[in-house]
Student: 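One structure coming up, written as structure tokens, with questions to follow.
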Amino acid sequence: MKLICATLFLFISFSSSARTDVIRALFLADAPFHGDATAEHQDSFEMNGELGIIYASGNTTGTTVTGKLNAKQDLLKWHHRYVAKVLYKQNEQVIDSNSQLVTSAQNVFVSMQSDYKLRNPSNRLFIYGEYEDDRFNSYQYQAALAVGYTEQLWSDEESEFTYSVGPGYAKSIAKENTDVLDQTGVIIRAAMEYEKKFNDKATFRQYLSTETDEEFSRSFSETSLAAKINGSLAMKLSFNMTHNRSPQELDEPLDTQTSVTLVYQFF
């Protein structure tokens, strides 16, 4: 815990201008910084939905369905972000000499983050909560609540970069053979999101988050590229990684998912 606190202290203590210069040098070149813009604010709400379905027949029969709702609400003093994801998979298996469709994956994830804008709206205080129920994972469920500081390093018509860091509390119910393991404790949560628009039709997005203490960590990465088909419909290629570290020997700690989905922009 001392190492985590020291790392957090050094991270926050690093000057804002130096942080911005280093990250912008990696992700953005020769673009003006708009973090301190004082343009008149306009409330906005955006929501899109993703859907992907895979059906296989022949030597292997099964169906996989993945879906996601993603919403952003930007108000004068608040910025809200909502995410809901679901994954469901059925495979055909032979049981007692009979072929049956058996559920082999079932995952539900929801999260919400609310940022309160300070005097400079690029600097914010956040509260974040998440819950995940994975029927076929080593965990019955995982939940976390965190508060802290968010900074939008820049945001313009071409790209934006935001990070957040702060302390929180996590709870996980894990399964090991017939035992149920209750893991709770104080964590440090950090997250970053980078989005780049190449043109009006293609958008690249990288999201990273980690929740960690001395014995437990949970990290997630989503790398995606979306290309518009028409005004409201797009096709999205994404690669997700979820890594769980626990003091107990559970199943494979790294889960990966590659998907191609259709994205519909509701608002």
Side-chain angles (χ1 to χ4, degrees), residues 16-17 19-54 65-76 78-87 109 111 113 115 117 120-124 150-164 190-209 220-242 256-267:
S16 174
S17 59
R19 240 180 7 247
T20 303
D21 292 341
V22 171
I23 297 177
R24 287 174 64 82
L26 293 174
F27 289 96
L28 192 66
D30 301 329
F33 175 58
H34 297 284
D36 297 324
T38 56
E40 183 179 354
H41 173 81
Q42 292 184 351
D43 292 350
S44 65
F45 181 77
E46 299 178 8
M47 185 173 72
N48 61 61
E50 300 178 24
L51 179 63
I53 300 175
I54 300 174
V65 179
T66 179
K68 181 178 180 181
L69 283 176
N70 194 340
K72 294 181 181 180
Q73 185 179 26
D74 191 41
L75 306 175
L76 179 63
W78 289 91
H79 182 85
H80 304 294
R81 174 76 176 268
Y82 314 92
V83 176
K85 297 186 291 184
V86 62
L87 171 68
F109 174 88
S111 71
Q113 178 167 326
D115 297 342
K117 301 176 184 178
N120 179 351
S122 296
N123 302 328
R124 307 166 183 180
T150 296
E151 184 175 2
Q152 188 177 63
L153 294 182
W154 73 81
S155 178
D156 54 39
E157 294 181 355
E158 293 185 354
S159 67
E160 63 179 58
F161 192 104
T162 304
Y163 79 88
S164 60
M192 61 78 69
E193 181 177 12
Y194 172 72
E195 187 174 287
K196 169 69 175 179
K197 294 181 179 179
F198 297 104
N199 48 49
D200 293 338
K201 294 185 179 297
T203 302
F204 171 82
R205 178 177 178 267
Q206 176 63 61
Y207 175 82
L208 294 170
S209 70
F220 176 76
S221 169
E222 181 183 53
T223 306
S224 66
L225 179 65
K228 281 189 176 181
I229 298 174
N230 58 34
S232 299
L233 192 64
M235 181 170 289
K236 177 180 174 183
L237 172 65
S238 60
F239 178 68
N240 297 340
M241 295 186 294
T242 303
T256 64
Q257 178 186 339
T258 303
S259 61
V260 178
T261 57
L262 288 177
V263 182
Y264 185 80
Q265 186 78 32
F266 295 101
F267 306 103

Student: Give the C-alpha distance, both sets of side-chain angles, the deciding distance and a yes or no for side-chain contact (heavy atoms from CB on, under 4.5 Å) between Ser164 and Glu151.
Tutor: CA-CA 6 Å; Ser164 60; Glu151 184 175 2; over 6 Å; no
Student: Give me the atom names and distance for the closest heavy-atom approach of Phe266 to Gly49.
Tutor: CE1-N, 3.4 Å
Student: Using 30° and 60° as the class boundaries, would you call the ring planes of Tyr194 and Phe161 parallel, tilted or perpendicular?
Tutor: tilted
Student: Evaluate side-chain contact (heavy atoms from CB on, under 4.5 Å) for Glu46 paired with Gln265, printing each intermediate quantity in order.
Tutor: CA-CA 8 Å; Glu46 299 178 8; Gln265 186 78 32; 4.0 Å; yes
Student: Would you mind telling me which of Gln73, Gln113, Met47, Lys72 makes a side-chain contact (heavy atoms from CB on, under 4.5 Å) with Tyr82?
Tutor: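 Among Gln73, Gln113, Met47, Lys72, the one meeting side-chain contact (heavy atoms from CB on, under 4.5 Å) with Tyr82 is Gln73.
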Student: Assess, by modelled atom type and distance only, whether the side chains of Thr162 and Glu193 contain a donor and an acceptor separated by less than 3.5 Å.
Tutor: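 Thr162 vs Glu193: no donor-acceptor pair found between side chains.
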Student: Measure the spacing between OG1 of Thr261 and CD1 of Ile53 and express it to the nearest 0.5 Å.
Tutor: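 That separation rounds to 11.5 Å.
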Student: Anything under 30° is parallel, anything over 60° is perpendicular, the rest tilted; go ahead and classify Trp78 against His80.
Tutor: parallel
Student: From Ser224 OG over to Phe204 CZ, what is the distance, rounded to the nearest 0.5 angstrom?
Tutor: 7.0 Å
Student: If the threshold is 4.0 Å, N to carboxylate O, is there a salt bridge linking Lys68 and Glu222?
Tutor: yes
Student: State, to 0.1 Å, how close Asp156 and Glu158 come at their nearest heavy-atom pair, and which atoms those are.
Tutor: OD1-N, 2.9 Å
Student: Output the distance between atom CZ (Phe220) and atom OG1 (Thr242), rounded to the nearest 0.5 Å.
Tutor: 5.0 Å
Student: Does NZ or CZ of Lys85 come closer than 6.0 Å to the centre of the six-membered ring of Phe109, within 45° of the ring's axis?
Tutor: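 Judged by the rule (NZ or CZ under 6.0 Å from the ring centre, within 45° of its axis), Lys85 counts as positioned above Phe109.
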Student: Please check if atom CG in Asp200 has more than 12 non-hydrogen atoms from other residues, nucleotides or ligands closer than 6.0 Å.
Tutor: no
Student: For the CG atom of Leu237 and the CG atom of Leu225, what is their distance to the nearest 0.5 Å?
Tutor: 6.5 Å
Student: Would you indicate whether Met235, at its atom CE, is surrounded by more than 12 heavy atoms from other residues, nucleotides or ligands within a distance under 6.0 Å?
Tutor: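 Open.
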Student: Between Leu51 and Leu262, does the side-chain contact (heavy atoms from CB on, under 4.5 Å) criterion hold? Intermediate values first, please.
Tutor: CA-CA 5 Å; Leu51 179 63; Leu262 288 177; 5.5 Å; no
Student: In Å and rounded to the nearest 0.5 Å, what is the CG to OH distance from Leu233 to Tyr264?
Tutor: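 Atom-to-atom, Leu233:CG and Tyr264:OH are 8.5 Å apart.
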Student: Does either side chain, that of Ser259 or that of Ser238, offer a donor lying less than 3.5 Å from an acceptor on the other one?
Tutor: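 Side chains of Ser259 and Ser238: pair found under 3.5 Å.
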Student: Can you find a pair of side-chain heavy atoms, one from Ser159 and one from Trp154, that are under 4.5 Å apart?
Tutor: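 Ser159 reaches Trp154 side chain to side chain.
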Student: If every non-hydrogen atom of His79 is compared with every non-hydrogen atom of Asp74, which pair is closest and at what distance?
Tutor: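 Between these two residues, the closest heavy atoms are ND1-OD1, 3.1 Å.
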Student: Take a 6.0 Å sphere around NZ of Lys197 and say whether it holds more than 12 heavy atoms from other residues, nucleotides or ligands.
Tutor: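 No, the 6.0 Å shell around NZ holds no more than 12 heavy atoms from other groups.
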Student: Pick one: which of Val86, Asn240, Leu87 meets side-chain contact (heavy atoms from CB on, under 4.5 Å) with Thr66?
Tutor: Leu87
Student: Under the side-chain contact (heavy atoms from CB on, under 4.5 Å) rule, what do Phe239 and Thr256 come out as? Steps first, then yes or no, please.
Tutor: CA-CA 7 Å; Phe239 178 68; Thr256 64; 4.0 Å; yes
Student: Any idea which heavy atoms bring Leu76 and Lys117 closest together, and the distance?
Tutor: O-CD, 3.5 Å
Student: Give a yes or no answer on whether the side chain of Lys201 reaches the backbone of Asn230 with a donor-acceptor pair at less than 3.5 Å.
Tutor: no
Student: About how many Å separate CG of Asn48 and CG of Leu69, when rounded to the nearest 0.5 Å?
Tutor: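 Between atom CG of Leu69 and atom CG of Asn48 there are 8.0 Å.
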